[in-house]
Number of protein chains: 2
Amino acid sequence: MTAAEHGPRERMVFSAAQLIRRDGVASTGMREVAAHAGAPRGSLQHYFPGGKEQLVNEAVGWAGRYAGKRVARFLAALPEPTPSGLFAEMVRQWTDEYEAAGFAGGCPVAAATVDCAESTASTREAAAAAFATWTGPVARALTDMGVPEERSTALATLMISSLEGAILIARAEQDTRALTTVTRELGPLLDAAAGPAG
Amino acid sequence: MTAAEHGPRERMVFSAAQLIRRDGVASTGMREVAAHAGAPRGSLQHYFPGGKEQLVNEAVGWAGRYAGKRVARFLAALPEPTPSGLFAEMVRQWTDEYEAAGFAGGCPVAAATVDCAESTASTREAAAAAFATWTGPVARALTDMGVPEERSTALATLMISSLEGAILIARAEQDTRALTTVTRELGPLLDAAAGPAG
DNA sequence: TCGGGATTATGACCGTGGTCATAGTAGCTG
DNA sequence: CAGCTACTATGACCACGGTCATAATCCCGA
């Protein structure tokens, strides 16, 4: 989407995230990333002397920051912010994509975790950090909506867990059913936690 | 666990599932599977003429049936069956493993989905089937516990989504926090759906 | 114009891994 | 024992892909 601009380095990180979420880390080649970014192959070793591991880690970090920033946008888009409304927006990003562009891609952080959690410590840590930079804004938003502070992080984790799992199922089934289901079933629970006043 | 017995063919399928859930599909080699199963390399092309794709698909199918069968055991282990109790058992299987053996492995169905959903149609279908053979028994159990039939499948999907996502986060963080969190936060919702009579 | 750093260009190396070809062995049946 | 089928053994092929080595540009300040 927002691709052509920015330097080649940033484009490669972005492309890496795109390809990883489609094919997984192991099946994504460095040459492929450069080609997808429209960047010269020689730039790979120049910008990423740490090799594939570095590129993957930066792509995961980028994805985490992207997800974290999106939370603010979702909140801004809501007429009146509620936990269920936020969650619905988070899920809707995926249903929209799947209905518009097909089920080609999943979450790059999930892909990195599946492919690298055991083999590459630094990537596992990058994934953990990405989940944290995603959970943080969600939890903060919940607190602002009236959710008791000690439950905000827990509910944010539940939201992201459900979303990630539903993404997996939706991709496997090529059907957004799982995504719409978790939205519907989890919404009341989230709003109830914001207190009786709504 | 139940490994040494059974024929070499079944052992290879089992080993494939083990290795896939640890390293992902792409990073798991055929030779590695044979070695892990203590089976001769020559048996690979004999039992799996369809190559890696066939082996992976059978491993995914095996994992789905395994998960489905476990539901019955969980129910049997509960003094009195409740939705939250079933979910707690499902999650506990993972917390137990992670605490006892470390965070080396995730769900093989999730791994297959991440690595093959876009590239290999048959494996994607195998993953969808695995999720279905897992969701079915869970939904049936919920119905037996008093959950209205039209909500049972939805809640089963929510349970499995949350579990899958929590597995991802737990592996990334190397911490069972996400798993215990989804158990705690989702339990009351599940029991409430079983009707006021509990 | 002349460095000199930043960037790009390319070819080669080398390990990995899925698959194939070809043959060997084992065990049962007639 | 002959023969057939099931299984095992092993080496080779070939594509892919991450990385390295080496050099060519490009571009800006002095």
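Per chain, numbering begins at 1; letters A, B, ... match sequence-line order.
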Review point. Which residue lies toward the 5' end of DNA chain D, A:Gly29 or A:Gln45, if each is placed at its nearest nucleotide?
Key: A:Gly29
Study note, to complete from the structure: Taken to the nearest whole Å, CD/A:Glu32 to C1'/D:dA15 is 15 Å
**Study point:** base_contact_polar (D:dG18 base, A:Arg41 side chain, donor-acceptor, <3.5 Å)
**Key:** no
Practice item. Report the distance from atom CG of B:Leu44 to atom P of D:dT8, rounded to the nearest whole Å. Key: 10 Å
Point to revise | Rounded interatomic separation in angstrom, taking CG from B:Leu55 and P from C:dG18 | key: 10 Å
Exercise for review: Go through the steps for B:Glu58 and B:Arg9 under the test salt bridge (Lys or Arg N to Asp or Glu O under 4.0 Å), then give the verdict.
Suggested key: CA-CA 11 Å; B:Glu58 294 201 22; B:Arg9 206 199 119 100; 2.3 Å; yes
Review point. Reckon A:Ser27 touches a base, only the sugar-phosphate, or nothing at all at heavy-atom distances under 4.0 Å?
Key: nothing
Exercise for review: Specify the separation, in whole Å, of atom NE2 of B:His46 and atom C1' of C:dT19.
Suggested key: 17 Å
Check your understanding: Starting at CZ of B:Arg31 and ending at C1' of D:dC13, how long is that distance when rounded to a whole Å?
Key -> 11 Å
Practice item. Could you state the atom-to-atom distance from CG of B:Asp115 to P of C:dG18 in whole Å? Key: 13 Å
Check your understanding: Is the phosphate of D:dC7, meaning OP1 or OP2, less than 4.0 Å from a side-chain N or O of B:Ser43?
Key -> no
Exercise for review: Apply salt bridge (Lys or Arg N to Asp or Glu O under 4.0 Å) to the pair A:Arg151 and B:Glu185, showing each step before the final yes or no.
Suggested key: CA-CA 9 Å; A:Arg151 261 192 94 191; B:Glu185 296 295 335; 2.6 Å; yes
Review point. How about A:Ser122 and A:Glu53: does a side-chain donor come under 3.5 Å of a side-chain acceptor?
Key: yes
Exercise for review: Give a yes or no answer on whether the side chain of B:Arg177 reaches the backbone of B:Ala170 with a donor-acceptor pair at less than 3.5 Å.
Suggested key: no
Check your understanding: What is the distance from CE of B:Met30 to C1' of C:dT19, rounded to the nearest Å?
Key -> 9 Å
Study note, to complete from the structure: Ranking B:Gly51 and A:Pro8 by the position along DNA chain C of their nearest nucleotide, the one closer to 5' is A:Pro8
Point to revise | Any N/O donor-acceptor pair, A:Arg9 side-chain to C:dT7 base, under 3.5 Å | key: no
Check your understanding: In whole angstrom, what separates A:Met12's CE from C:dT8's C1'?
Key -> 11 Å
Practice item. Go through the side-chain N and O atoms of A:Gln93 and A:Glu97 and say whether any donor and acceptor fall under 3.5 Å apart. Key: no
